[in-house]
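Working notes for the structure below.
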Amino acid sequence: QVQLVESGGGLVQAGGSLRLSCAASRTTFSINTMGWYRQAPGKQRELVADITSGGSTNYADSVKGRFTISRDNAKNTVYLQMNSLKPEDTADYYCKATYHNYYPRDAWGQGTQVTVSS
């Protein structure tokens with residue numbers, strides 16, 4: 001009942017920018033928090049940024065000042081603007097959304113790859 005579709009990943013040179021999008025489709029229930037996680041080879045999945053329906057944001061220290069998360073509640077879409085990209089940002093990026101079906105539940109996207117070359 002909640003499906004997430006990510007787009008915007010790709011290959012970029014260090015110092016460049018990418019904009020990721022994640023849209024919730026076929027949605028019955030309201031979306032609460034949406035966020036982005038990433039996982040690099042050999043590393044644990046980590047929170048990059050998230051944003052509540054009210055617009056409160058949270059960022060990992062490693063991306064503060066470089067990444068900006070935003071959302072369009074009318075479209076149930078979350079964005080991640082990534083600037084000043086570094087090779088260490090290379091990872092698979094996953095969109096996550098929390099919604100309510102009697103209780104808070106999580107939905108995950110399939111992931112989109114971001115590769116930053118030096």
Side-chain angles (χ1 to χ4, degrees):
Q1 50 200 342
V2 175
Q3 296 184 356
L4 304 179
V5 180
E6 300 132 322
S7 63
L11 174 65
V12 65
Q13 292 188 131
S17 299
L18 284 173
R19 180 174 177 263
L20 305 183
S21 299
C22 172
S25 62
R26 306 173 193 176
T27 302
T28 301
F29 301 98
S30 297
I31 305 297
N32 184 196
T33 301
M34 302 187 76
W36 292 95
Y37 292 72
R38 68 185 181 187
Q39 187 165 21
K43 296 184 178 180
Q44 295 185 8
R45 186 186 304 167
E46 65 173 349
L47 173 69
V48 178
D50 61 21
I51 183 169
T52 69
S53 59
S56 180
T57 59
N58 181 49
Y59 295 92
D61 288 341
S62 60
V63 307
K64 286 182 178 178
R66 300 188 297 119
F67 292 8
T68 301
I69 189 170
S70 61
R71 68 188 289 172
D72 185 334
N73 288 333
K75 297 179 180 179
N76 283 328
T77 300
V78 64
Y79 308 93
L80 186 67
Q81 179 66 46
M82 304 185 293
N83 298 325
S84 301
L85 283 162
K86 304 175 181 179
E88 49 263 45
D89 295 318
T90 296
D92 289 330
Y93 284 70
Y94 298 89
C95 180
K96 177 187 175 182
T98 62
Y99 65 102
H100 296 273
N101 184 358
Y102 297 100
Y103 300 98
R105 302 177 188 271
D106 296 334
W108 289 88
Q110 292 183 323
T112 184
Q113 184 177 214
V114 172
T115 302
V116 184
S117 62
S118 58

Closer than 4.0 angstrom, basic N to acidic O: yes or no for Arg38 and Asp89? yes
To check you understand the geometry: which heavy-atom pair defines the closest contact between [X] and [Y], and what is its length?
| X | Y | result |
| --- | --- | --- |
| Tyr94 | Gly109 | CD2-O, 3.7 Å |
| Gln39 | Ala91 | O-CB, 3.5 Å |
| Ala14 | Ser118 | CB-CA, 4.3 Å |

Hey, does Leu18 have a side-chain heavy atom less than 4.5 Å from the side chain of Val114?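 Side-chain contact under 4.5 Å: yes.
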Side chains of Val5 and Gln3: closer than 4.5 Å at any heavy-atom pair? no
Below 3.5 Å, can you tabulate the donor-acceptor pairs from side chains in residues 68-77 to any protein atom, sequence neighbours excluded?
{"residue": "Arg71", "atom": "NE", "partner": "Asn73", "partner atom": "OD1", "Å": "2.7"}
{"residue": "Arg71", "atom": "NH1", "partner": "Asn32", "partner atom": "O", "Å": "2.6"}
{"residue": "Arg71", "atom": "NH1", "partner": "Ile51", "partner atom": "O", "Å": "3.1"}
{"residue": "Arg71", "atom": "NH1", "partner": "Thr52", "partner atom": "O", "Å": "3.2"}
{"residue": "Arg71", "atom": "NH2", "partner": "Asn32", "partner atom": "O", "Å": "3.3"}
{"residue": "Asp72", "atom": "OD1", "partner": "Ala74", "partner atom": "N", "Å": "3.1"}
{"residue": "Asp72", "atom": "OD1", "partner": "Lys75", "partner atom": "N", "Å": "3.4"}
{"residue": "Asn73", "atom": "ND2", "partner": "Ser53", "partner atom": "O", "Å": "3.1"}
{"residue": "Thr77", "atom": "OG1", "partner": "Lys75", "partner atom": "O", "Å": "3.0"}

Got a list of side-chain donor-acceptor pairs under 3.5 Å for residues 78-86, not counting sequence neighbours?
{"residue": "Gln81", "atom": "NE2", "partner": "Asn83", "partner atom": "OD1", "Å": "3.0"}
{"residue": "Asn83", "atom": "OD1", "partner": "Ser17", "partner atom": "OG", "Å": "2.8"}

For residues 102-118, which residue pairs pass the salt bridge (charged side-chain N to carboxylate O under 4.0 Å, His left out) check, not counting sequence neighbours?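 Checked against salt bridge (charged side-chain N to carboxylate O under 4.0 Å, His left out) - neighbours excluded - the pairs reaching residues 102-118 are Lys96-Asp106.
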Salt bridge (charged side-chain N to carboxylate O under 4.0 Å, His left out): which pairs involve residues 2-17, sequence neighbours left out?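 Passing the test, one end in residues 2-17: no pairs.
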Show your working on side chain to side chain contact (heavy atoms under 4.5 Å, CB included) between Ile31 and Val2 and close with a plain yes or no. CA-CA 9 Å; Ile31 305 297; Val2 175; 4.1 Å; yes
Has Glu88 got more than 12 heavy atoms of other residues, nucleotides or ligands less than 6.0 Å from its CD?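 Atom CD in Glu88 is crowded, with more than 12 foreign heavy atoms closer than 6.0 Å.
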Could you walk me through whether Leu47 and Asn58 pass side chain to side chain contact (heavy atoms under 4.5 Å, CB included), step by step? CA-CA 9 Å; Leu47 173 69; Asn58 181 49; 3.4 Å; yes
Spatial distance of atom OG1 (Thr112) from atom CG (Leu20) [nearest 0.5 Å]: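 Nearest 0.5 Å value for the OG1-CG distance: 6.0 Å.
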Would you give the length of the straight line joining atom CG of Asp50 to atom OG of Ser56, rounded to the nearest 0.5 angstrom?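 Between Asp50 CG and Ser56 OG, I get 8.0 Å after rounding to 0.5 Å.
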Can you run down the ring pair (Phe, Tyr, Trp, His ring centres under 6.0 Å) pairs that involve residues 34-77, sequence neighbours left out, and say none if there aren't any? Tyr37-Trp108
Residues two or more places apart in sequence or in another chain: which of them pass side-chain hydrogen bond (donor to acceptor under 3.5 Å, both in side chains) with Lys43? none
